[in-house]
Amino acid sequence: MDAKGLETLLDLDGQIFGQEGGYWIKVEAQRVAATPNRPHGVSYSLTLHAIDGGRVLEFDNAHAVRVRGNRFSGRSLEYDHRHRTEEDEGIPYEFETPEQLLADFFQAVDRYLKAQGVLKR
């Protein structure tokens, strides 16, 4: 894993970024021991919140989510995932690099804000 990309993600820990329409982003990222659940050695949560504070989008690896399959396939647990709503249990996200995680998250934020009519660009 690119050390510079990881340091960039870790440097964002605790940062809050205001967005158009009163939305805001919070970044949490800490270095952890590499494990089978977090082989990249980082625990992260990137969230987009509405003006009322409710989470509307999240990429994280805080807990396992089930990979859905048909009734004949085994079900595995994945830690890297994303939530599309506050109630969404999460769907798997394929973590590649810290840079790709940030790019994917901010692209998802832009898509969400555009769909809400908040972002015009």
Side-chain angles (χ1 to χ4, degrees):
M1 180 180 334
D2 175 36
K4 185 176 178 182
L6 178 58
E7 290 307 316
T8 298
L9 177 61
L10 294 172
D11 286 346
L12 292 172
D13 181 49
Q15 298 292 315
I16 295 176
F17 302 97
Q19 302 294 295
E20 294 180 41
Y23 288 85
W24 49 280
I25 290 171
K26 181 177 181 184
V27 178
E28 296 176 338
Q30 298 87 34
R31 190 182 307 268
V32 296
T35 66
N37 297 333
R38 293 188 183 96
H40 35 71
V42 65
S43 174
Y44 64 87
S45 173
L46 310 175
T47 54
L48 174 66
H49 299 264
I51 195 166
D52 67 0
R55 180 189 76 200
V56 295
L57 178 69
E58 180 173 16
F59 284 51
D60 74 285
N61 64 354
H63 60 86
V65 296
R66 289 203 179 275
V67 176
R68 305 248 187 252
N70 66 37
R71 64 187 179 129
F72 301 108
S73 67
R75 293 183 182 203
S76 62
L77 298 176
E78 295 291 334
Y79 273 74
D80 295 297
H81 60 279
R82 62 188 179 102
H83 300 269
R84 295 164 293 187
T85 66
E86 194 162 2
E87 295 81 27
D88 180 10
E89 293 178 10
I91 59 171
Y93 168 75
E94 188 173 336
F95 182 97
E96 295 175 23
T97 66
E99 299 92 342
Q100 191 62 52
L101 169 67
L102 289 168
D104 292 345
F105 174 71
F106 283 104
Q107 287 172 359
V109 166
D110 283 353
R111 280 191 307 273
Y112 180 86
L113 294 178
K114 284 179 185 175
Q116 300 305 308
V118 174
L119 193 61
K120 304 297 182 200
R121 54 183 152 98

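Side chains included, hydrogens not; waters and symmetry mates left out as well; all remaining heavy atoms used. What you are looking at is a predicted structure, and each value in this text was computed from that prediction instead of being measured.
The shortest non-hydrogen separation linking Asn61 to Ser43 is OD1-CA, 3.5 Å. Heavy atoms only, all atoms of each residue included: Pro39 and Ala34 are closest at O-CB, 3.7 Å.
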Exercise. Passes side-chain contact (heavy atoms from CB on, under 4.5 Å), Ile25 versus Ile16? Steps please.
Worked result: CA-CA 5 Å; Ile25 290 171; Ile16 295 176; over 6 Å; no

For this session: Please lay out, stage by stage, how Leu102 and Leu12 fare under the test side-chain contact (heavy atoms from CB on, under 4.5 Å).
Result: CA-CA 10 Å; Leu102 289 168; Leu12 292 172; 3.9 Å; yes

Exercise. Stepwise, does the side-chain contact (heavy atoms from CB on, under 4.5 Å) test hold for Phe105 with Leu57?
Worked result: CA-CA 9 Å; Phe105 174 71; Leu57 178 69; 4.3 Å; yes

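Note: Gln19 CD to Leu48 CG = 7.0 Å, rounded to the nearest 0.5 Å. If you take OG1 on Thr8 and CG on Leu101, they are separated by 12.0 Å, rounding to the nearest 0.5 Å. Note that the CZ atom of Arg82 and the OG1 atom of Thr47 stand 15.5 Å from one another [nearest 0.5 Å]. In this structure, the separation between NE2 on His40 and CG on Leu9 is 10.0 Å, given to the nearest 0.5 Å. The distance from the CG atom of Asp13 to the CD atom of Glu28 is 7.0 Å, given to the nearest 0.5 Å.
A donor-acceptor contact closer than 3.5 angstrom links the side chains of Asp80 and Tyr44. Donor-acceptor pairing under 3.5 Å is recorded for the side chains of Asp60 and His81. Using modelled atom types, one finds a donor on one side chain and an acceptor on the other under 3.5 Å when comparing Ser45 with Glu58.
One hydrophobic cluster, built from ILVMFWY side chains closer than 4.5 Å, holds both Val118 and Val109. Residue Leu46 is grouped with residue Phe17 when hydrophobic side chains (ILVMFWY) are merged at heavy-atom distances under 4.5 angstrom, including chains of intermediate members.
In this view, Gln116 satisfies the side-chain hydrogen bond (donor to acceptor under 3.5 Å, both in side chains) rule with no residue, not counting sequence neighbours. Listed by chain and number, the residues in a side-chain hydrogen bond (donor to acceptor under 3.5 Å, both in side chains) with Arg31 are Glu7 (sequence neighbours excluded). When the side-chain hydrogen bond (donor to acceptor under 3.5 Å, both in side chains) test is applied to Gln15, no partner is found at least two apart in sequence or on another chain.
Annotation for Ile51: atom CD1 does not count as buried by contact number, only 12 or fewer foreign heavy atoms lying within 6.0 Å.
Side-chain contact check for Glu20 versus Leu113: every heavy-atom pair is 4.5 Å or farther apart.
Of the residues Tyr93, Tyr79, Phe106, Phe95, the one that meets the ring-ring contact (aromatic ring centres under 6.0 Å, His included) test with Phe59 is Tyr93.
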